[in-house]
Amino acid sequence: IIFAPLHVRILGLSATIGNLEQFTGWLSEVRKEPVALVVERHRTVPLIHRFYNSGTGIASFAEVTKASHQGQLRATDHRQLVDVLRKNYLPALCFLFSRRQCVDKAKELLRQPSFLGWEAAGRVKKTLDAYSDRYDLKNHASFSLLARLLHKGIAFHHAGLLPVLKDLVEELFEQGLVKVLYCTETFAVGVNYPVKSVCFLEQQKFDGRSLRPLSVQEYMQMSGRAGRRGIDPRGYVFTLAANPDAPELVDYS
């Protein structure tokens, strides 16, 4: 922005910048011309925010808080949430804040029935074979694991994954062949792949020193992937209330 020639026109789009007026003022000063600020608060695909616990099912924040006070929450696993979403709420992104957890949770879901039919599984196999031959991945451990997962419509994605494997996951995701993706927040920042549902499997992240709650901006960035324009009348955001003894839930909606 600073070094671009003045004849270059700039259009900026953002769903998360908080200091819009300050940024617009800076941009006007740098570009030596007035910069218009347009704010749109209407979301084309509205979001429905809900929580899930096996003791309550899909519930509002008020309902899950009441159930917590009444001792009705149960220890709940991510697989139970995915099982509930299977019929009406896929594809879904399941956000975690640990690369290891993304891999482990995806592996745990392998025991569930496949999310793909025969025809879709065949398309996955064809793509996997092409990648394996092109990049000599047959004996690569991460590729072998991803192949097992992708055959069932499951995958994981994080910044530590080899670029070619990220490309593989993204290509199949774009084709609608990944129904449940366990990922870190980089998937919400670096690429634009909307889904019907976004799931938060935890509401805290490690900041290098300690665990802290998600910020509103982080939540909005990730939850904004829910709802596909022209496909879904609304998007869904689910937060897993997994621990009945210490729910410590936050209502970001």
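Just so you know, these numbers use all the heavy atoms, side chains as well, and skip hydrogens, waters and symmetry mates. In this chain, numbering begins with 1 at the start of the sequence shown.
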Exam field: side chain [X] to backbone [Y], donor-acceptor pair closer than 3.5 Å:
X      : Y      : result
Ser54  : Thr76  : no
Gln221 : Ala188 : yes
Ser68  : Val64  : no
Arg74  : Gln72  : yes
Arg86  : Pro113 : yes
Arg43  : Gly224 : yes
Asp232 : Arg234 : no
Asn53  : Ala241 : yes
Gln80  : Asp77  : yes
Ser28  : Val35  : yes

- Task: Start with the C-alpha distance between Val164 and Phe143, add both sets of side-chain angles, then the distance that settles side-chain contact (heavy atoms from CB on, under 4.5 Å), and finish with yes or no.
- Result: CA-CA 10 Å; Val164 64; Phe143 175 77; over 6 Å; no
Task: Verdict with supporting geometry, Leu162 and Ser142, side-chain contact (heavy atoms from CB on, under 4.5 Å) - done: CA-CA 9 Å; Leu162 283 176; Ser142 292; over 6 Å; no
Distance check, rounded to the nearest 0.5 Å: [X] atom [atom1] versus [Y] atom [atom2]?
X      : Y      : atom1 : atom2 : result
Leu172 : Leu181 : CG    : CG    : 11.0 Å
Phe97  : Arg212 : CZ    : CZ    : 8.5 Å
Leu137 : Ser132 : CG    : OG    : 5.5 Å
Asn139 : Ser144 : CG    : OG    : 7.0 Å
Ser114 : Ile154 : OG    : CD1   : 7.0 Å
Lys66  : Ser60  : NZ    : OG    : 10.0 Å

Measuring only between side-chain heavy atoms, which start at C-beta, is [X] closer than 4.5 Å to [Y]?
X      : Y      : answer
Val195 : Leu90  : no
Phe95  : Val198 : yes
Asp167 : Tyr131 : yes
Phe173 : Leu93  : yes
Leu168 : Leu128 : yes
His157 : Leu146 : no
Val84  : Ile58  : yes
Ile2   : Trp26  : yes

Greater than 12 external heavy atoms within 6.0 Å of [X]'s [atom1]:
X      : atom1 : answer
Glu174 : CD    : no
Gln22  : CD    : no
Arg229 : CZ    : no
Asp207 : CG    : yes
Glu33  : CD    : yes
Arg148 : CZ    : no

Would [X] end up clustered with [Y] when hydrophobic side chains under 4.5 Å apart are linked, directly or stepwise?
X      : Y      : value
Leu6   : Leu11  : no
Phe238 : Val216 : yes
Leu13  : Met220 : no
Leu27  : Leu20  : no
Tyr252 : Leu211 : no

Of all heavy-atom pairs between [X] and [Y], which one has the smallest distance, and what is that distance?
X      : Y      : value
Phe156 : Leu145 : CE2-CD2, 3.9 Å
His151 : Leu116 : O-CD1, 3.8 Å
Cys199 : Leu85  : SG-CD1, 3.3 Å
Phe61  : Leu249 : CE1-O, 3.8 Å
Lys152 : Gln112 : NZ-O, 2.6 Å
Leu150 : Ala155 : CD2-CB, 3.7 Å

Is Arg225 close enough and on-axis enough to Tyr193, meaning under 6.0 Å and within 45°, for cation-pi?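 Ring-cation test returns no.
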- Message: For His78 and Tyr182, I'd like to know if the aromatic rings sit close, meaning centre-to-centre distance below 6.0 Å.
- Response: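 Ring centres of Tyr182 and His78 closer than 6.0 Å.
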Is the Phe200-Tyr219 ring centre distance short of 6.0 angstrom?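 Phe200 vs Tyr219: aromatic centres under 6.0 Å.
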Practice problem: Would you check, one step at a time, whether the test side-chain contact (heavy atoms from CB on, under 4.5 Å) holds for Val82 with Leu109? | Solution: CA-CA 9 Å; Val82 172; Leu109 203 64; 4.1 Å; yes
Can we say Asp83 and Arg79 salt-bridge, meaning some charged N sits less than 4.0 Å from an Asp/Glu carboxylate O?
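No salt bridge links Asp83 with Arg79.
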Looking at Tyr89, Tyr52, Phe51, which hits ring pair (Phe, Tyr, Trp, His ring centres under 6.0 Å) with Tyr236?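 Going through Tyr89, Tyr52, Phe51 one by one, the ring pair (Phe, Tyr, Trp, His ring centres under 6.0 Å) with Tyr236 is satisfied by Tyr89 alone.
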Side chains of Gln204 and Glu202, donor plus acceptor under 3.5 Å:
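Short answer, no.
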key: Side-chain donor-acceptor contact under 3.5 Å, Ser215 with Glu218   =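 Yes, a side-chain donor-acceptor pair sits under 3.5 Å.
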Where do Leu214 and Met222 land on the side-chain contact (heavy atoms from CB on, under 4.5 Å) test, with the steps shown first?
-> CA-CA 11 Å; Leu214 284 180; Met222 288 177 270; 4.1 Å; yes
Practice item. Run through Lys205, Gln101, His158 and flag the one making a side-chain contact (heavy atoms from CB on, under 4.5 Å) with Leu96. Key: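 Filter result, single survivor: Gln101.
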